[in-house]
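Taking it in order: structure first as structure tokens, then the write-up.
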Amino acid sequence: MSTESSSAPNFIRNQIRDEIEAGRAGKIVTRFPPEPNGFLHIGHAKSICLNFGLAEQFGGDCHLRFDDTNPAKEEQAYIDAIKEDVHWLGFEWAGAVRFASDYFDRLYAWAQHLIREGKAYVDDLSADEIREYRGTLTEPGRPSPYRERAPEESLDLLERMRIGEFAEGEKVLRAKIDMASPNINLRDPILYRIRHAHHHQTGDAWKIYPSYDFTHGQSDALEGITHSICTLEFEDHRPLYEWFLDNLPVPARPRQIEFARLNLNYTLTSKRKLKLLVDEGIVDGWDDPRLPTISGMRRRGYTPASIRKFCEMIGVTRADGGLVDIAMLYHAIRADLEDNAPRAMCVLKPLKVVLTNVPEDHEEVYEVPGHPARDDLGVRQIPLTRELYIDQDDFMEEPPKKFFRLAPGKEVRLRNAYVIRCDEVIKGAGGEISELRCSVDFDTLGKNPEGRKVKGVIHWVSAAHGVPMEVRLYDNLFQVEQPDKDKDADFLDHLNPESLVVCQAIGEPSLARVTPESRFQFERVGYFCADRHAVAEGRLVFNRTVGLKDSWAKIQKKG
RNA sequence: UGGGGUAUAGCCAAGCGGUAAGGCAGCGGUUUUUGGUAUCGCCAUGCGCAGGUUCGAAUCCUGCUACCCCAGCCA
């Protein structure tokens, strides 16, 4: 599986390879440690591919561990969704799903250990006071008045915190490290805070919860994680990560390695902001096809392989501040679907065409391949009748020079069928084009017409047999490359009003019986995916995953 | 003006002292009953800038500059 991800080298892979070659590494164990406070997005996919990919390449294991130390923000629903997303992406975690909360007892005992060693203390300062005592980036902090509290007292207080004797915010447990450290993370970081919250895994057993810093490294050590890979913003936490490993009787010595998180233009990868879009109803849930969530991309029509391919393309480095062009993502999915998606014809904006030299009751059926290069994708039946629909974009009353499609007096090839000529344009009362009257050259089926070249080919659907369907044209959710670039502005101001355009389309008959999530190339238009929700309910709805490359649009833009 | 990081083409990214991979985007040709695909070609005398070491530097040294992260009882 995911053999395509086995070729691209990166600094982490090189490092592990070197360790193995030097005999300094045994079995590799990595982990993907999401917090269940939202849905996974494309940035997580990068981490998933890295962690699971590494384990796979070196014959090791990758654990799935929920970093569930903040019950106020976490939910079982997110846990379920995350598990499904990881599986859907094509990865299998080793052993059972793990939770940081599995280690709460151990962590508590270790907190007591630190207190006894004089390396931790219960602090009565308020949150505001702690901030004040912490100092600033340029000024050292000052010790809390409670810093030298006797271990016995701290032990007692911590136990009473645990069983709920104190209100939230009344006390915290802090490590005693260095209030003057230039690294703020070492200025007596908080180990436990009081939270009278129900926890999705541990219920009401705890009234205190450990902080990320006090949890992560120890959890890694308990699981025998060898390489703890995280993003660059945790770099400053590494000394703290190591401080705990140094000062606690942990069973193993994991190493933290940081890499740069993914930034994709025209998209947001902030869980907080994605949640806001969902909560405000600006998008249709966490799996809205415009969202860069794994489930949104799935619903949009991305394949797991295309996402893995994309993650391989962008690489893994420590260079931050970069911005990956979303064109790379589009390339990855087009490449997959070009090879694997069956073809179909679908008219997005129907324009009626009457073939005047075809009798009313005439009907002929063509058998055409499901894919130009994949016999295994079968064939489909395409009926032609006197009345049919073509796309409005494929006709122009006053065409520019390089317009190869239909125009008054001009000829065009109906894909898989005849060459037709437009003889007459019928207009409605408002002057809008309501119908085209065309004639068929019956000597052009499967061959070129005599004595002239017809360059254009357009798709079409029989009016008598076409199936009405809803087609949702998705585009970037934002109109600017970095919607959250300006910290003082509202990213919602950059929403693309045309991120979703709904069409009442007409598709070829074979499209009438599709299964949820089946993907097609609508020829000359783009790649589409049968909406997993709507189709399951019996409605014919297709989501545009990505358009085909459009060199005509480029020519037009150039003038 | 504290600490920690990062700079290679429009974008992503290899490279680790021997003379700048690859991909995306773009441009041009060929093929084509998808203006798609495929295919061929073009696209960094130069690696943030300035010095230095060396026969030789993107790779080593020195000094600058720019950008990113950190002052949650979030992760």
Side-chain angles (χ1 to χ4, degrees), chain A residues 7-10 14 33-35 37 67 69-70 72-73 123 125-127 130-132 134-141 168-174 181-187 189-195 208-209 211-213 215-216 230-239 258 260 262 265 271-272 312-332 334-335 338-339 343 345 368 372-373 402-405 413-419 444-448 454-459 521-526 547-555:
Chain A
S7 54
N10 61 57
N14 292 160
E35 184 190 10
N37 65 345
D67 227 329
T69 57
N70 187 1
K73 292 186 175 176
D123 195 345
L125 253 27
S126 70
I130 286 179
R131 187 182 320 120
E132 217 174 285
R134 185 153 38 220
T136 68
L137 295 177
T138 50
E139 306 157 16
E168 292 190 9
E170 233 180 281
K171 297 183 188 322
V172 290
L173 180 71
R174 294 229 254 169
S181 172
N183 181 345
I184 290 178
N185 295 121
L186 264 20
R187 318 239 266 230
I190 283 155
L191 271 32
Y192 272 96
R193 70 282 208 207
I194 300 170
R195 285 283 178 278
I208 56 173
Y209 291 92
S211 63
Y212 163 84
D213 286 309
T215 305
H216 205 91
C230 62
T231 44
L232 249 22
E233 67 268 26
F234 291 101
E235 198 159 8
D236 291 343
H237 294 243
R238 193 168 62 219
E258 311 86 12
L262 168 67
N265 63 6
K271 255 199 228 175
R272 206 203 101 233
E312 182 206 314
M313 283 169 67
I314 60 175
V316 178
T317 70
R318 289 175 59 86
D320 54 357
L323 190 61
V324 173
D325 194 338
I326 196 165
M328 287 216 223
L329 222 205
Y330 295 152
H331 170 79
R334 280 196 193 106
E338 160 63 26
D339 288 344
R343 310 288 132 118
M345 290 198 286
V368 317
K402 291 190 172 157
F403 189 74
F404 303 144
R405 309 174 189 180
R413 159 82 62 184
L414 291 180
R415 173 82 167 145
N416 299 308
Y418 301 110
V419 168
T444 55
L445 193 60
K447 63 180 186 180
N448 289 320
V454 175
K455 188 160 170 74
V457 179
I458 65 173
H459 57 283
Q521 182 197 98
F522 289 168
E523 289 190 292
R524 300 208 316 125
V525 181
L548 251 28
K549 279 209 219 164
D550 189 351
S551 60
W552 168 238
K554 269 185 211 166
I555 293 168

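Protein chains get the first letters and strands the later ones, always in sequence-line order, with residue 1 at the start of each.
- Counting non-hydrogen atoms under 4.0 angstrom, A:N416 reaches a base of the nucleic acid.
- No engagement by A:D123 is indicated, since no non-hydrogen atom pair under 4.0 Å with the nucleic acid exists.
- Within 4.0 Å of A:S181, counting heavy atoms only, lies no atom of the nucleic acid at all.
- Spacing between B:rA57 and B:rC49 at atom P, rounded to whole Å, works out to 15 Å.
- Among the atoms of the strands shown, base atoms are found under 4.0 Å from some heavy atom of A:R415.
- Here A:H237 lies in heavy-atom contact (under 4.0 Å) with a base.
- Position along RNA chain B of the nearest nucleotide to A:L548 versus A:M328 favours A:M328 as the more 5'-ward residue.
- Of the P atoms belonging to B:rA20 and B:rU54, the separation is 23 Å, rounded to the nearest Å.
- Among the protein residues, A:L125 comes within range of the nucleic acid bases, having at least one heavy atom under 4.0 Å from a base atom.
- Taking atom P on both B:rC61 and B:rU6, the two are 14 Å apart, rounded to the nearest angstrom.
- We find that A:E235 and A:R318 are joined by a salt bridge, their nearest charged nitrogen and carboxylate oxygen being less than 4.0 Å apart.
- Looking at A:R238 and A:E258, a side-chain N of the basic residue comes within less than 4.0 Å of a carboxylate O on the acidic one, giving a salt bridge.
- The shortest side-chain heavy-atom distance between A:E523 and A:N416 falls under the 4.5 Å cut-off.
- Comparing B:rG15 with B:rC73, their P atoms sit 40 Å apart, to the nearest whole Å.
- When the P atom is compared between B:rA50 and B:rU45, the two are found 15 Å apart, to the nearest whole Å.
- A gap of 49 Å separates the P atoms of B:rU33 and B:rG48, to the nearest Å.
- Backbone-only contact: A:G322 has heavy atoms under 4.0 Å from sugar-phosphate atoms and none from a base.
- The span of RNA chain B lying next to chain A, judged by atoms under 4.0 Å from heavy atoms, is bounded 5' to 3' by B:rG2 to B:rA75.
- Without hydrogens or angle criteria, A:T444 side chain to A:V419 main chain gives a donor-acceptor distance under 3.5 Å.
- Partners of A:F403 according to the ring pair (Phe, Tyr, Trp, His ring centres under 6.0 Å) rule, which considers only residues two or more places apart in sequence or in another chain, are A:W552.
- B:rC60 and B:rU8 are spaced 16 Å apart, taking the P atom of each and rounding to whole Å.
- Residue-level contact check: A:Q521 touches the bases, meaning some heavy atom is under 4.0 Å from a base atom.
- Base contact: A:I555 has a heavy atom under 4.0 Å from a base atom.
- Across every strand in view, B:rC64 sits in a pair with B:rG48 that passes the Watson-Crick or G-U test at under 3.5 angstrom.
- Residue A:G446 is classed as a base contact, given a heavy-atom separation below 4.0 Å to a base.
- Residue-level contact check: A:R131 touches the backbone only, with heavy atoms under 4.0 Å from sugar-phosphate atoms and none from bases.
- For B:rG72, the base adopts the syn conformation, since its glycosidic angle falls within 90 degrees of zero.
- Between the side chain of A:R193 and the main chain of A:E168, no donor-acceptor pair closer than 3.5 Å is present.
- Between A:R134 and A:E139 no salt bridge is recorded (no basic side-chain N to carboxylate O distance below 4.0 Å).
- For B:rU32, there is no paired nucleotide, since no Watson-Crick or G-U wobble pair has both relevant distances below 3.5 Å.
- Applying the Watson-Crick and G-U wobble criteria (two distances, each under 3.5 Å), B:rC24 pairs with B:rG10.
- Aromatic ring pairs are classed by plane angle as parallel below 30°, tilted from 30° to 60° and perpendicular above 60°; the pair A:Y212 and A:F234 is tilted.
- Within the 4.0 angstrom heavy-atom criterion, no nucleotide atom of any strand lies near A:I458.
- At a threshold of 4.0 angstrom between heavy atoms, the contacts of A:T69 are confined to the sugar-phosphate backbone, with no base atom among them.
- The partner of B:rA58 cannot be assigned: no Watson-Crick or G-U wobble pair with both contacts below 3.5 Å exists in any strand.
- On the C1' atoms, B:rG35 is 43 Å away from B:rU19, given to the nearest whole Å.
- Residues A:R343 and A:N70 both approach RNA chain B. Their nearest nucleotides, taken by heavy-atom distance, put A:R343 toward the 5′ side.
- Under the Watson-Crick or G-U wobble criterion, with both distances below 3.5 Å, B:rA75 is left unpaired in every strand shown.
- Taking the ring pair (Phe, Tyr, Trp, His ring centres under 6.0 Å) definition, one finds that A:H459 meets it with nothing, sequence neighbours left out.
- Residue-level contact check: A:K271 touches neither bases nor backbone, having no heavy atom under 4.0 Å from any strand.
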